[in-house]
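Everything on this sheet refers to the single structure shown next.
Predicted model only: the values in this text are computed from it and were never measured. Side chains included, hydrogens not; waters and symmetry mates left out as well; all remaining heavy atoms used.
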Amino acid sequence: MNENLFASFITPMILGLPLATLIVVFPSLLFPTSNRLVNNRLISLQQWALQLVSKQMMGIHNTKGQTWTLMLMSLILFIGSTNLLGLLPHSFTPTTQLSMNLGMAIPLWAGAVITGFRNKTKASLAHFLPQGTPTPLIPMLIIIETISLFIQPIALAVRLTANITAGHLLIHLIGGATLALMSISTTTALITFIILVLLTILEFAVAMIQAYVFTLLVSLYLHDNT
């Protein structure tokens, strides 16, 4: 219990060199491509899941929006795989770093907004001032809508960071409590261990849900601007 509570969120280093780049690249190795005429079960399951998610997420888009399909599917695979790998013991989760999540959210949000201003300039500007707004409220509403627009990528990144970090902290705390209670009360330690197992199962679901939510919100931002 002497270990720092936030030690698992520190970027791992070897010989003074950060391993964050290798950790970020590693999940791509988990999704192999097949050149065979008949795919195996793993590839077939992977393709079925991607087709299901892409139909649900990209069905609302027009032709211009559907050009983002490959990028958004790569995004959900990357976030989901890194979240799941972070649940392994003694591993590092890149999505617990706010800087990395901002690095994903800001370019995607900016690309969607710039696309909207290029293709739908009048409609994009109209979002800053709802129809029928009283004249005295116009300056205030423009400021509020501008702030809400610029806060979108921050909300994306903070939501993902907070959910993944909170789950990891709970697992760390309950795991430490289970070890401490084993020498005091076996029954209480067993109950705590069951809670830990259930929480771990929940975190597997949260890892996938947060990847889906992050990508879905980017898709909705894109839909509003195409």
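- Contact detail for Gly111 and Trp68: the closest heavy-atom pair is C-CH2, 3.7 Å.
- Side-chain atoms of Ser219 do not come within 3.5 Å of backbone N or O of Thr215 as any donor-acceptor pair.
- A 4.5 Å side-chain heavy-atom check between Leu198 and Leu202 finds every atom pair outside the cut-off.
- Hydrophobic clustering places Ile209 together with Leu75 (ILVMFWY residues linked when any side-chain heavy atoms are closer than 4.5 Å, directly or through intermediates).
- Judged by distance alone, the side chains of Asn225 and Thr115 never bring a donor and an acceptor atom under 3.5 Å apart.
- By the rule that hydrophobic residues join a cluster once side-chain heavy atoms approach within less than 4.5 Å of another member, Leu77 and Leu87 end up as members of separate clusters.
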Checklist entry - So Ile76 and Val53, side chain to side chain contact (heavy atoms under 4.5 Å, CB included) or not? Walk me through it. => result CA-CA 9 Å; Ile76 192 172; Val53 173; 3.9 Å; yes
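- Minimum interatomic distance between Ser74 and Leu70 (heavy atoms only, all atoms of both residues): OG-O, 2.8 Å.
- Atom CE of residue Met57 and atom CG of residue Leu220 lie 8.5 Å apart, to the nearest 0.5 angstrom.
- The shortest heavy-atom contact between Asn83 and Ala211 is ND2-N, 4.3 Å.
- Residues Phe204 and Ile171 share a single hydrophobic cluster, defined by chaining ILVMFWY side chains whose heavy atoms lie under 4.5 Å apart.
- Within the 3.5 Å criterion, the main-chain N or O of Gln51 finds a donor-acceptor partner in the side chain of Ser54.
- Nearest heavy-atom pair, Thr188 versus Thr192, reported as atom, atom and distance to 0.1 Å: O-OG1, 2.7 Å.
- Between the CG atom of Leu160 and the CG atom of Leu217 there is a distance of 10.5 Å, given to the nearest 0.5 Å.
- More than 12 heavy-atom neighbours from other residues, nucleotides or ligands sit within 6.0 angstrom of OH on Tyr212.
- Looking at every heavy atom in both residues, Ala105 comes nearest to Pro153 through CB-O, 3.5 Å.
- Between the CD1 atom in Ile79 and the CG atom in Leu84 there is a gap of 12.0 Å [rounded to 0.5 Å].
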Checklist entry - Taking it one step at a time, do Leu85 and Thr93 satisfy side chain to side chain contact (heavy atoms under 4.5 Å, CB included)? => result CA-CA 7 Å; Leu85 288 174; Thr93 313; over 6 Å; no
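- Thr165 places a side-chain N or O within 3.5 Å of a backbone atom of Thr161 that can act as its donor or acceptor partner.
- When all heavy atoms of Met100 and Thr95 are compared, the closest pair comes out as SD-N, 4.4 Å.
- Side-chain N or O atoms of His168 include one that pairs as donor or acceptor with a backbone N or O of Gly86 at under 3.5 Å.
- Under a hydrophobic clustering in which Ile, Leu, Val, Met, Phe, Trp and Tyr are joined whenever their side-chain heavy atoms come within less than 4.5 Å, directly or via other members, Ile106 and Val218 fall into different clusters.
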Checklist entry - How far apart are the C-alpha atoms of Arg159 and Phe214, what are their side-chain angles, what is the distance that settles it, and do they pass the side chain to side chain contact (heavy atoms under 4.5 Å, CB included) test? => result CA-CA 8 Å; Arg159 181 186 297 107; Phe214 188 97; over 6 Å; no
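- Residue Ile194 holds its CD1 atom at 4.5 Å from CG of Leu190, rounded to the nearest 0.5 Å.
- We find the CD-CG distance between Gln97 and Leu102 to be 11.5 Å, quoted to the nearest 0.5 Å.
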Checklist entry - So Leu156 and Asn101, side chain to side chain contact (heavy atoms under 4.5 Å, CB included) or not? Walk me through it. => result CA-CA 8 Å; Leu156 268 180; Asn101 295 335; over 6 Å; no
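- Side-chain heavy atoms closer than 4.5 Å link hydrophobic residues (I, L, V, M, F, W, Y) into clusters, and following such links, possibly through other members, connects Ile164 to Leu216.
- In this structure, Met182 and Phe193 have side chains that are not in contact, with every pair of non-hydrogen atoms separated by 4.5 Å or more.
- Here Leu181 contributes atom CG and Ile174 contributes atom CD1; the two are 11.5 Å apart, rounded to the nearest 0.5 Å.
- Residue pairs satisfying the ring-ring contact (aromatic ring centres under 6.0 Å, His included) criterion with at least one member in residues 142-167, sequence neighbours excluded, are listed as follows: Trp109-Phe150.
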